[in-house]
Amino acid sequence: MAFISSGYNPAKPMEGRISDIGPRKYDEFFPPVIKNNFGKWLYHEILEPGVLMHVAESGDKCYTVRVGGTRTMSVTHIRELCDIADKFCNGCLRWTTRSNIEFMVDSEEGMKALRDELNSRTFDGGSFKFPVGGTGAGISNMVHTQGWIHCHTPATDASGPVKAVMDALFDDFKSMRLPAPMRIALACCINMCGAVHCSDIGLVGIHRKPPMIDHEWTDQLCEIPLAVSACPTAAVRPTKIEHDGKKINSIAIKEDRCMYCGNCYTMCPALPISDGEGDGVAIMVGGKVSNRISMPKFSKVVVGYIPNEPPRWPTLTKTVKHIIEVYAANANKYERLGDWAERIGWESFFKLTGLEFTHHLIDDFRDPAYYTWRQSTQFKF
Amino acid sequence: MAFISSGYNPAKPMEGRISDIGPRKYDEFFPPVIKNNFGKWLYHEILEPGVLMHVAESGDKCYTVRVGGTRTMSVTHIRELCDIADKFCNGCLRWTTRSNIEFMVDSEEGMKALRDELNSRTFDGGSFKFPVGGTGAGISNMVHTQGWIHCHTPATDASGPVKAVMDALFDDFKSMRLPAPMRIALACCINMCGAVHCSDIGLVGIHRKPPMIDHEWTDQLCEIPLAVSACPTAAVRPTKIEHDGKKINSIAIKEDRCMYCGNCYTMCPALPISDGEGDGVAIMVGGKVSNRISMPKFSKVVVGYIPNEPPRWPTLTKTVKHIIEVYAANANKYERLGDWAERIGWESFFKLTGLEFTHHLIDDFRDPAYYTWRQSTQFKF
Amino acid sequence: MAKFATPQLDQLESGPWPSFVSDIKQEAAQRAANAKNIEYQIPVDAPEDLLGVLELSYNDKETHWKHGGIVGVFGYGGGVIGRYCDQPEMFPGVAHFHTLRVAQPSGKYYNSTFLRGLCDIWDMRGSGLTNMHGSTGDIVLLGTQTVQLEEIFHELTHNLKVDLGGSGSNLRTPEACLGQSRCEYACYNTQDMCYQLTMDYQDELHRPAFPYKFKFKFDGCPNGCVCAMARSDFAVVGTWKDDIKIDQEAVKAYVAGEFSPNAGAHSGRDWGKFDLQKEVVDLCPSQCMKWDGSKLSIRTADCVRCMHCINTMPRALHIGDERGASILVGAKAPVVDGAQMGSLLVPFVSCEAPYDDVKEVIEKIWDWWMEEGKNRERVGETMKRLSFQKLLEVTDTPAAAYHVKEPRSNPYIFFKEEEVPGGWDRDLAAYRKRHQR
Amino acid sequence: MAKFATPQLDQLESGPWPSFVSDIKQEAAQRAANAKNIEYQIPVDAPEDLLGVLELSYNDKETHWKHGGIVGVFGYGGGVIGRYCDQPEMFPGVAHFHTLRVAQPSGKYYNSTFLRGLCDIWDMRGSGLTNMHGSTGDIVLLGTQTVQLEEIFHELTHNLKVDLGGSGSNLRTPEACLGQSRCEYACYNTQDMCYQLTMDYQDELHRPAFPYKFKFKFDGCPNGCVCAMARSDFAVVGTWKDDIKIDQEAVKAYVAGEFSPNAGAHSGRDWGKFDLQKEVVDLCPSQCMKWDGSKLSIRTADCVRCMHCINTMPRALHIGDERGASILVGAKAPVVDGAQMGSLLVPFVSCEAPYDDVKEVIEKIWDWWMEEGKNRERVGETMKRLSFQKLLEVTDTPAAAYHVKEPRSNPYIFFKEEEVPGGWDRDLAAYRKRHQR
């Protein structure tokens with residue numbers, strides 16, 4: 001494979017260099033119906049799961065077909081999306097915040113042909129390439145992170161558990177029978193890239209063992225003070241140890257103060273934390289970002305730990321599915337999962353779901369923990 | 001005045017000594033109707049402000065007449081209470097948690113005679129000795145602390161402002177027109193002896209100047225490390241200073257970290273904090289301890305500072321009265337002040353009361369402060 | 001003729017509310033007249049000097065009392081608060097002005113014999129001024145001198161059979177609501193539990209051995225008249241487990257307007273006709289009630305026993321029969337780490353004398369707190385610092401959903417080493433074989 | 001024939017949801033076939049090696065990626081994330097596997113020309129694998145080698161007229177909801193504000209000069225589809241000040257069942273007949289609505305613009321005309337000090353290009369945070385550490401009740417020295433004259 005130059009000359013990096021040009025301007029890529037009715041939309045309707053109709057003041061209608069996407073996506077797959085866009089949508093398409101893909105047309109017939117085409121395509125392995133759905137009071141695509149496919153600090157995989165969970169919830173991606181929209185997210189570690197902390201259901205990779213200390217390399221690979229100050233619980237401190245007969249600077253970890261956040265490992269590669277038998281997933285529920293009815297709220301940890309069970313994470317998948325079924329059977333119309341849990345009380349949430357309440361679920365992180373304890377005689381036996 | 005011995009012999013302190021006998025047993029002092037119906041009460045009714053009727057399974061009725069009391073009370077006054085108890089109540093009487101005094105009789109006629117007698121007595125200065133009232137959806141007696149009459153750390157007086165406030169609220173002590181019970185408390189400093197932190201209206205003495213440092217005495221009068229560790233904001237630290245040509249151990253205070261709690265002064269008398277022009281009173285509202293309808297809650301600071309204006313604290317008194325009038329005019333039946341403020345939103349509370357919202361009212365004490373900021377686009381313009 | 005002019009305080013004699021100034025003046029006059037020829041053991045003009053120093057404070061807007069020195073009675077570490085005036089030459093009558101805390105009876109019932117006995121002692125050996133009562137609940141005898149302390153203690157114990165209360169880093173004088181003596185809501189005998197525990201813990205009350213103060217308070221029901229869960233480190237609040245008892249005929253009588261709702265507490269205003277749906281059913285915090293026009297029903301499993309319906313219709317609704325109490329731990333006022341309310345530890349404990357179940361919890365908490373608590377740290381602060389889990393652990397309480405208002409919203413979870421396969425000892429070399437550096 | 005056996009991953013090909021494994025396999029097959037005779041600049045079998053390393057992780061249950069080294073393009077401090085495999089001998093095709101972040105257009109509209117251009121570059125110079133999109137919103141090109149970085153950057157800028165996104169301690173690539181392009185709720189042109197601010201702050205985006213990362217997100221209304229107030233340090237969320245516009249006839253059509261409530265979002269279940277009172281009026285969080293059977297009215301002064309009524313009846317209710325946005329500051333995920341949501345700073349700002357009002361707030365916050373922020377401290381943490389008051393001060397914002405959900409419950413109030421008569425310098429000697437020691 002021969003090196004092919006783009007035209008860049010490493011000897012003269014500034015020659016003809018273009019920089020600081022930012023993104024392409026948003027309106028370059030609008031489909032005609034969008035361009036023509038920008039800022040003039042009157043109302044919309046979800047015609048069927050995955051199909052939206054927006055009506056403009058002009059009387060124009062924009063039909064949108066939404067399909068689920070794998071966030072990790074090949075150029076082959078993108079080219080196939082382009083082919084469809086070329087065929088039905090003047091080459092236009094867009095992505096949503098939740099990694100869905102949307103195609104827009106200006107007629108109902110166009111929409112139907114497009115929808116059928118999208119639903120018809122499958123991978124060789126059998127899964128749908130472009131399942132139509134993800135709207136209204138159903139389950140939209142999961143927001144997720146990289147996991148074992150590309151991240152250096154994960155406590156679980158991302159794409160794998162997402163595939164497993166979405167397979168289990170596929171009917172609810174394709175329908176709108178839930179009391180309210182259901183947003184699920186997965187973060188492969190507690191850094192929580194993505195709004196996992198405010199999702200109806202948040203799956204979070206967690207470690208459960210304090211980091212190992214690779215003393216031989218600590219001082220060479222790390223700024224020790226940065227690792228020390230990275231610890232939210234003051235479990236990490238600098239120390240001097242004897243290694244191979246030499247006194248060297250290293251790090252000590254007070255194990256009973258460590259809650260395995262991995263923040264020190266982020267700062268210092270000589271503190272590896274991931275551990276096959278220790279790592280796994282916590283389930284958080286009841287968060288939301290919308291201001292609708294109730295104010296936004298954080299998700300709460302309701303299952304402290306589920307082991308990593310590749311390739312299909314059956315315990316995790318089953319638990320998520322079960323929570324959703326109990327929610328669907330019990331919540332009021334318009335009630336997000338967290339609003340439901342708050343209305344019935346969290347002790348009723350555990351009773352109804354049958355999830356075990358363990359000591360892991362009680363907050364013990366700093367002063368605000370107190371506010372989550374029950375300062376009342378109001379509770380249900 | 002000659003010394004009169006009780007019989008105690010200082011040379012032999014253990015001779016005949018009685019200790020660890022605790023309080024008198026509670027049932028020694030029960031009036032007959034209480035003794036006879038203990039644990040057998042069926043229901044009660046407030047017949048008129050200050051008058052309760054409890055009905056027992058036996059059919060017995062206990063009529064209680066409640067009167068307001070000054071917490072600071074002379075033996076002459078107590079003897080007068082005893083005279084009344086002897087005359088009407090077999091010598092029995094009791095105090096409530098809020099320093100009211102209650103007399104119990106077993107007939108309606110007895111109650112009426114008693115009530116009229118109590119209402120009839122006045123001090124030479126003109127005030128009532130035993131005003132009947134303090135029940136139901138009205139204002140009960142204020143719980144308060146010592147203030148300038150006996151305490152070493154107060155930022156305001158207690159008995160004085162309480163007298164001034166209760167004079168202004170006397171009609172509501174004598175009636176039951178409010179949406180719900182109204183509990184008012186006053187603490188002369190932020191130590192808050194009494195449930196000021198959970199009262200419908202809490203008046204709290206506050207300092208506003210960092211302590212002075214009496215360097216000459218610091219090391220002689222204080223355990224410096226205790227003063228240092230007493231500071232919740234780490235504003236106090238040990239230092240060495242030059243005094244009269246000698247290096248001595250003393251204390252330094254980072255003034256911009258000090259919020260004048262006086263906790264260091266409690267530990268170290270060489271750090272006097274009280275200041276005539278700095279000290280005053282903050283008003284907190286909306287707390288409650290009952291679990292009725294809503295869970296118990298803390299009072300919130302709605303006026304950061306009102307100067308000490310002895311002898312009658314007119315600004316304080318007027319502000320309290322005003323808050324109560326706005327509450328009375330706007331809250332729903334059964335709604336405690338805090339429940340009302342939460343229902344309408346605190347921004348509406350400030351709008352309706354006309355109280356100025358200042359930067360002092362925003363929490364800035366440690367991590368939980370964050371939870372009091374507004375994490376929503378839900379607010380009223 | 002008053003000893004000091006008190007023009008400011010004099011203004012506090014007007015107005016309807018009982019004037020403490022008038023009362024102190026009346027005491028001053030009584031002592032000056034001394035009709036009973038009492039041999040006053042401390043300055044006869046103490047009340048006048050007290051008015052004088054208070055008037056000075058009204059001018060300066062600053063207190064004139066100093067930190068107390070260590071004064072007390074032999075063998076006790078608390079019960080007396082030393083207090084000195086910072087202008088002793090101006091006010092010699094209150095130059096030394098110590099306070100004694102005297103144990104009040106549970107529920108604060110008295111008879112005149114006892115009170116007169118107290119007055120006699122305090123007339124002769126003190127200022128004649130008291131607090132009825134102090135914030136924690138004690139009878140407070142306000143102002144005497146050091147030499148009188150043992151004399152007063154002797155007379156209290158020998159003549160009145162009553163002891164001092166608590167102060168300092170010990171068990172403070174426990175306090176109870178009036179409970180079953182006069183309240184149909186009381187779920188247990190608050191007075192008796194208070195009395196028995198006070199007696200059982202006399203040593204902890206009189207001899208400071210704790211990191212800081214520790215308070216018990218006993219409320220008979222969730223109405224919380226004695227503020228147990230807001231004001232005491234260890235709050236016992238009555239509750240019940242079974243159905244609220246409903247007298248359907250009485251419910252109808254309320255609806256028909258025959259009975260006054262809320263026991264007449266709202267009679268000072270015309271709130272309109274009683275609306276059972278709006279005023280009771282709709283306000284139920286757990287939405288567990290139903291009124292079909294003739295029958296009121298309650299889903300007990302959803303009831304959180306907030307007391308609202310019972311308070312509103314005390315003739316129709318009554319607490320259940322399976323009675324006991326909840327225990328909440330850690331309440332305190334702001335200093336140092338901010339105020340706390342009690343946090344629910346034990347949802348239900350039966351309340352039969354001799355209260356061993358309750359005492360077991362208390363003693364486990366004390367053992368832990370005395371071991372782990374820092375100087376001047378209330379147990380609520382120890383809980384905050386060491387976690388609620390630790391409190392569960394030391395009291396052998398399994399974690400349950402009723403312990404929290406909501407589960408944690410951060411994933412910073414501690415696991416116990418024994419919960420994690422393989423524990424925390426790991427093989428770095430094996431790891432490095434799987435993962436090159 | 002696949003290079004590695006991936007029995008575990010193969011199980012992720014079944015089931016209805018699109019399989020990323022199938023997709024990577026299809027890419028591997030395409031590259032192996034190379035029908036277009038592309039001169040691959042990085043190993044052709046990168047996708048296969050990626051499946052291999054992932055299968056290894058499925059066996060070990062541990063990641064096999066190492067900390068990134070410092071890689072990038074000349075003159076930029078971000079936009080590229082270095083990534084190396086910890087078993088490079090086993091998987092040489094992904095031994096070096098860096099990521100590029102490419103700036104996405106606001107609202108993520110594309111045409112096929114642009115996307116195909118991107119695919120062509122990434123086919124030849126990268127793994128052929130992407131993320132559409134990364135968590136912050138960028139197009140993520142997943143996996144290339146160091147020597148290709150400048151080449152890719154050159155082709156992106158010269159051929160596709162697109163720049164890299166942000167990474168590291170700088171302004172991260174801003175993101176907007178689709179706003180007015182296709183939403184009747186959008187209160188301002190989110191895409192334009194996002195685009196303009198991204199252009200204006202290119203320097204801050206490419207050249208790390210902040211204590212830590214800083215994110216802008218732009219939501220058109222309080223529904224918050226792009227999660228601005230949960231995920232961005234600086235959230236601009238559309239709102240309005242005047243009345244919600246009501247079409248009473250359309251309201252009646254909803255009541256009559258002519259229009260599907262909530263835009264049809266609940267059509268998957270029979271929820272019964274639409275009940276305006278129960279489903280809208282009773283759920284209003286500020287109880288500002290009234291329905292008398294023929295007319296719906298809203299007290300605007302009490303409306304908190306939660307969107308519920310508008311969402312439920314989009315044909316009848318429309319956002320007001322006096323439009324702008326609220327600004328909320330400080331959201332972040334848990335690390336280090338716990339998660340935060342954005343706290344309301346500016347209740348209303350008009351949103352007219354060139355957005356100087358918004359930029360003024362941003363720049364004041366940056367000035368302060370760059371001065372006072374600690375290393376790796378998000379601005380939300382700086383706010384927590386230095387107080388919300390400080391944020392108000394540096395942004396010249398007067399404190400107002402809408403800044404809080406509730407006022408403080410502790411009396412630990414700081415006063416400014418100039419607020420207190422006499423300031424903080426006091427005369428100890430004078431004090432000691434009033435108060436003896």
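These values consider heavy atoms only, across backbone and side chains, with no hydrogens, waters or symmetry-generated copies.
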Distance check, rounded to the nearest 0.5 Å: D:I413 atom CD1 versus B:I206 atom CD1? 4.5 Å

Would you check if there is a donor-acceptor pair between the side chains of D:Q287 and D:D302 at a distance under 3.5 Å? no

If you count heavy-atom pairs within less than 4.5 Å of chain D, which of B:E277, B:E347, B:H197, B:E356 leads? B:E277

Contacting moiety of D:V420, where chain B heavy atoms sit under 4.5 Å: both

Report the option among B:G278, B:G304, B:P307 that has the most heavy-atom pairs separated by less than 4.5 Å from atoms of chain D. B:G304

Under the 6.0 Å and 45° cation-pi test, does B:R208 pair with D:F415? yes

Report yes or no: is the SG-SG distance between D:C288 and D:C303 under 2.5 Å? no

Residue B:F365 versus chain D: region with a heavy atom under 4.5 Å: both

Non-hydrogen atoms of chain B under 4.5 Å away: do they reach the side chain of D:R385, the backbone, both or neither? neither

Going by distance alone, is a donor N or O of one side chain under 3.5 Å from an acceptor N or O of the other, for B:R374 and D:Y402? no

In plain terms, say whether D:K364 and D:D396 are close enough for a salt bridge, that is, a side-chain N and a carboxylate O under 4.0 Å apart. yes

With a 4.5 angstrom heavy-atom cut-off, could you sort out which part of B:D275 is near chain D: side chain, backbone, both or neither? both

What part of D:R432 is in contact with chain B, defined as an atom under 4.5 angstrom from a non-hydrogen atom: side chain, backbone, both or neither? side chain

Please determine, among B:E255, B:R343, B:K380, B:K297, the option with the most heavy-atom pairs under 4.5 Å with chain D. B:K380

Determine whether the side chains of D:N311 and D:N223 contain a donor N or O and an acceptor N or O closer than 3.5 Å. yes

Show your working on ring-ring contact (aromatic ring centres under 6.0 Å, His included) between D:F414 and D:Y412 and close with a plain yes or no. CA-CA 7 Å; D:F414 287 97; D:Y412 288 170; 9.2 Å; no

Are any of the side-chain nitrogens in D:K217 or D:D219 under 4.0 Å away from the carboxylate oxygens of its partner? no

So which part of D:L392 gets closer than 4.5 Å to some heavy atom of chain B, the side chain, the backbone, both or neither? side chain

Side chain, backbone, both or neither: which part of D:L328 has an atom under 4.5 Å from a heavy atom of chain B? side chain

Taking D:E381 first and then D:R376, would you say they form a salt bridge - that is, a charged N and a carboxylate O separated by under 4.0 Å? no

Find the one option among B:G345, B:A282, B:S376 whose heavy-atom pairs under 4.5 Å with chain D are most numerous. B:S376

Part of B:P269 within contact of chain D (heavy atom distance under 4.5 Å): backbone

Less than 4.5 Å to any heavy atom of chain B: does that hold for the side chain of D:D425, its backbone, both, or neither? neither

Residue D:M229 versus chain B: region with a heavy atom under 4.5 Å: side chain

Whatever's closer than 4.5 Å to a heavy atom in chain B on D:S343 counts as both

Taking side chain as everything from C-beta outward and backbone as N, CA, C, O, which of these in D:M307 sits under 4.5 Å from a heavy atom of chain B? Side chain, backbone, both or neither. neither

Check this for me: does any side-chain nitrogen of one of D:D242 and D:R323 sit under 4.0 Å from a carboxylate oxygen of the other? no

At a heavy-atom distance under 4.5 Å, which candidate from D:M383, D:K390, D:K241, D:H403 has the highest pair count against chain B? D:K241

Let me know if B:M284 has heavy atoms under 4.5 Å from chain D in its side chain, its backbone, both or neither. side chain

Where does B:T358 contact chain D at under 4.5 Å (heavy atoms): side chain, backbone, both or neither? backbone

Under a 4.5 Å cutoff for heavy-atom pairs, which residue among B:I190, B:V302, B:D214 has the most contacts with chain D? B:D214

